[in-house]
Amino acid sequence: MASVLVAGSAALDFVYQVDSLPERAEKYAAEAVDIVGGGCAANAAVAIARLGGKSQLLARFGKDDVCEIVLGDILAENVDTFPCVISEGARSAMSSVYVDKSGERQIMAFRGAGLATDPALDVLTADAVLADTRWPEAAKRALELAVSKGVPAVLDGEAPVPRDIAGIATHVVFSEQGLLDFTGVGDVHAAYAALDLPGWCAVTLGSAGVLHPGGVLAGFEVDVKDTLGAGDVWHGVFTLRLAEGADEMEAMRYANAAAALKCTGFGGRKAAPSRAAVEQFLKERD
């Protein structure tokens, strides 16, 4: 069983299903609501565990009710939370998320207050590392340990992406917004061509697929209900497949399938698929 250490954000999401995304300062009625765990790293860690990988989460919390709810949910998904750092007097992260009929989402995020900066990570036992940009000190330390051990060191390139951290990673997979912000170039393809990082780089393009060194790997068409967490699932599955020995093309295809399946269910990472579901999905499209 391959293992992945995921370093970065964990939060509590209040997810509202609405007819259309809010545009004015007035009251709106939601058709449904769900309270789910969220955060880039936590979502990826759960996706890895659901595919049968050994998943470790390095995230930071305040010692509060949000922490108890989020950690309880993550533990129930068989994710190892031992590396997490909990600080007295700090406040954990939480978000309000609106999801419209087409599955697109709008997020208002509180990223916590008074949270730890030192990840207290000295030894890496995992077969790969995935880090997001929400806890820079943890990302840098985890990626450095992965490189020193000679295992995949993957960065989830959500804006803002610190250049010194991106330069450590063996793999950087940007979102479109993350790439444009990182390069300062207004066109995705031109921005990708302008990258000068030492590692392997790609850009997720939503339903259009992934832009990578060999071109664009197309995504899968599905009936989209909720895109919340799809990118996080993608990064988690991509990293797990690298840890299992797959090459980048195979890892991307598997990640595309997992992210597409996630989008067919409402409730953020609650819809992250099992390995059996992903393999059946791919088999049907071979």
Side-chain angles (χ1 to χ4, degrees), residues 4-11 13 37-49 51 53 55-60 79 83 93 95 105 107 109 111 119 121 126 128-147 151-183 188 191-192 195 197 199-206 209-212 227-243 248 251-252 254-256 258-259 262 268-269 272:
V4 179
L5 172 72
V6 188
S9 63
D13 288 345
C40 299
N43 289 344
V46 168
I48 291 164
L51 263 69
S55 183
Q56 299 173 296
L57 177 66
L58 172 58
R60 52 183 177 173
V79 173
S95 300
R105 81 284 192 276
I107 303 174
R111 293 181 177 162
L121 182 67
V129 160
L130 169 63
D132 67 36
T133 60
R134 300 297 181 244
W135 187 2
E137 296 87 355
K140 185 174 183 180
R141 182 59 179 154
L143 293 171
E144 287 174 340
L145 286 172
V147 170
V151 299
V154 182
L155 180 64
D156 177 352
E158 281 285 345
V161 180
R163 180 166 288 275
D164 61 331
I165 295 176
I168 299 169
T170 61
H171 298 74
V172 184
V173 184
F174 291 91
S175 66
E176 292 184 58
Q177 180 186 6
L179 175 68
L180 300 182
D181 180 80
F182 184 77
T183 62
V188 169
Y192 183 71
L195 285 172
L197 293 171
W200 182 95
C201 295
V203 189
T204 55
L205 305 173
V210 186
L211 176 61
H212 62 93
T227 61
L228 179 64
D232 307 329
V233 168
W234 194 99
H235 285 85
V237 173
F238 175 77
T239 307
L240 175 61
R241 292 297 291 130
L242 292 181
E248 286 86 1
M252 285 190 293
Y254 213 92
N256 279 358
K262 189 250 85 67
R269 72 171 179 234

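Distance CG/L5 to CG/L57: 8.0 Å, rounded to 0.5 Å. Here T204 contributes atom OG1 and H235 contributes atom NE2; the two are 5.5 Å apart, rounded to the nearest 0.5 Å. Between R241 atom CZ and I48 atom CD1 the span is 12.5 Å, to the nearest 0.5 Å. Taking CZ of R163 as the reference point, atom CD1 of I168 lies at 13.0 Å (rounded to 0.5 Å). Atom CD1 of residue I107 and atom OG of residue S95 lie 6.5 Å apart, to the nearest 0.5 angstrom. With values rounded to the nearest 0.5 angstrom, L228 atom CG is found 6.5 Å from R105 atom CZ.
For R60, the salt bridge (Lys or Arg N to Asp or Glu O under 4.0 Å) criterion is met by no residue, not counting sequence neighbours. In this structure Y192 satisfies the ring-ring contact (aromatic ring centres under 6.0 Å, His included) test with no other residue, sequence neighbours excluded. Not counting sequence neighbours, the partners of E158 by the side chain to side chain contact (heavy atoms under 4.5 Å, CB included) test are T133, R134, D156, S175. A search for side-chain hydrogen bond (donor to acceptor under 3.5 Å, both in side chains) contacts involving E248 returns H171, not counting sequence neighbours. Residues satisfying the side chain to side chain contact (heavy atoms under 4.5 Å, CB included) criterion with A128, sequence neighbours excluded, are V4, P152, T239, A243. Scanning for ring-ring contact (aromatic ring centres under 6.0 Å, His included) contacts around W135 gives an empty result, with sequence neighbours left out.
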Report the C-alpha distance between V147 and T170 in whole Å, list the side-chain angles of each, state the deciding distance to 0.1 Å, and finish with yes or no for side chain to side chain contact (heavy atoms under 4.5 Å, CB included). CA-CA 7 Å; V147 170; T170 61; 4.3 Å; yes

Could you go step by step and tell me if I165 and L143 meet the side chain to side chain contact (heavy atoms under 4.5 Å, CB included) rule? CA-CA 8 Å; I165 295 176; L143 293 171; 3.7 Å; yes

Verdict with supporting geometry, F174 and F182, ring-ring contact (aromatic ring centres under 6.0 Å, His included): CA-CA 9 Å; F174 291 91; F182 184 77; 5.3 Å; yes

Could you give me the CA-CA distance, side-chain angles and deciding distance for Q56 and V79, then say whether side chain to side chain contact (heavy atoms under 4.5 Å, CB included) is met? CA-CA 6 Å; Q56 299 173 296; V79 173; over 6 Å; no

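When atom types are taken as modelled, the side chain of H212 and the backbone of C201 share no donor-acceptor pair closer than 3.5 angstrom. For R141 (side chain) and L121 (main-chain N/O), a donor-acceptor pair under 3.5 Å exists by modelled atom type. Side-chain atoms of S9 never come within 3.5 Å of backbone atoms of G39 as a donor-acceptor pair (strictly under, hydrogens ignored). Checking side-chain atoms of K262 against main-chain N and O of V233 turns up no donor-acceptor pair under 3.5 Å.
Closest heavy-atom contact between G53 and L240: CA-CD1, 3.9 Å. Closest of all the heavy-atom pairs between D13 and G38 is OD2-CA, 3.4 Å. Here the closest non-hydrogen pair linking P83 and L58 is O-CD1, 2.9 Å. Among all heavy-atom pairs drawn from V161 and A166, the shortest one is CG1-CB, 3.9 Å. Residue A93 comes nearest to A10 through the heavy atom pair CB-O, 3.7 Å, listed as atom of the first residue, atom of the second, then distance. Residues A230 and A259 approach most closely at O-CB, 3.7 Å, considering heavy atoms.
No side-chain heavy atom of V210 sits less than 4.5 Å from a side-chain heavy atom of L205. A heavy-atom distance below 4.5 Å is found between the side chains of L195 and L179. At a threshold of 4.5 Å between non-hydrogen side-chain atoms, the residues L180 and V188 count as touching. W200 is not listed as a side-chain neighbour of V172, based on a closest heavy-atom distance of 4.5 Å or more. Looking at V129 and V154, their side chains never come closer than 4.5 Å, going by heavy atoms from C-beta outward.
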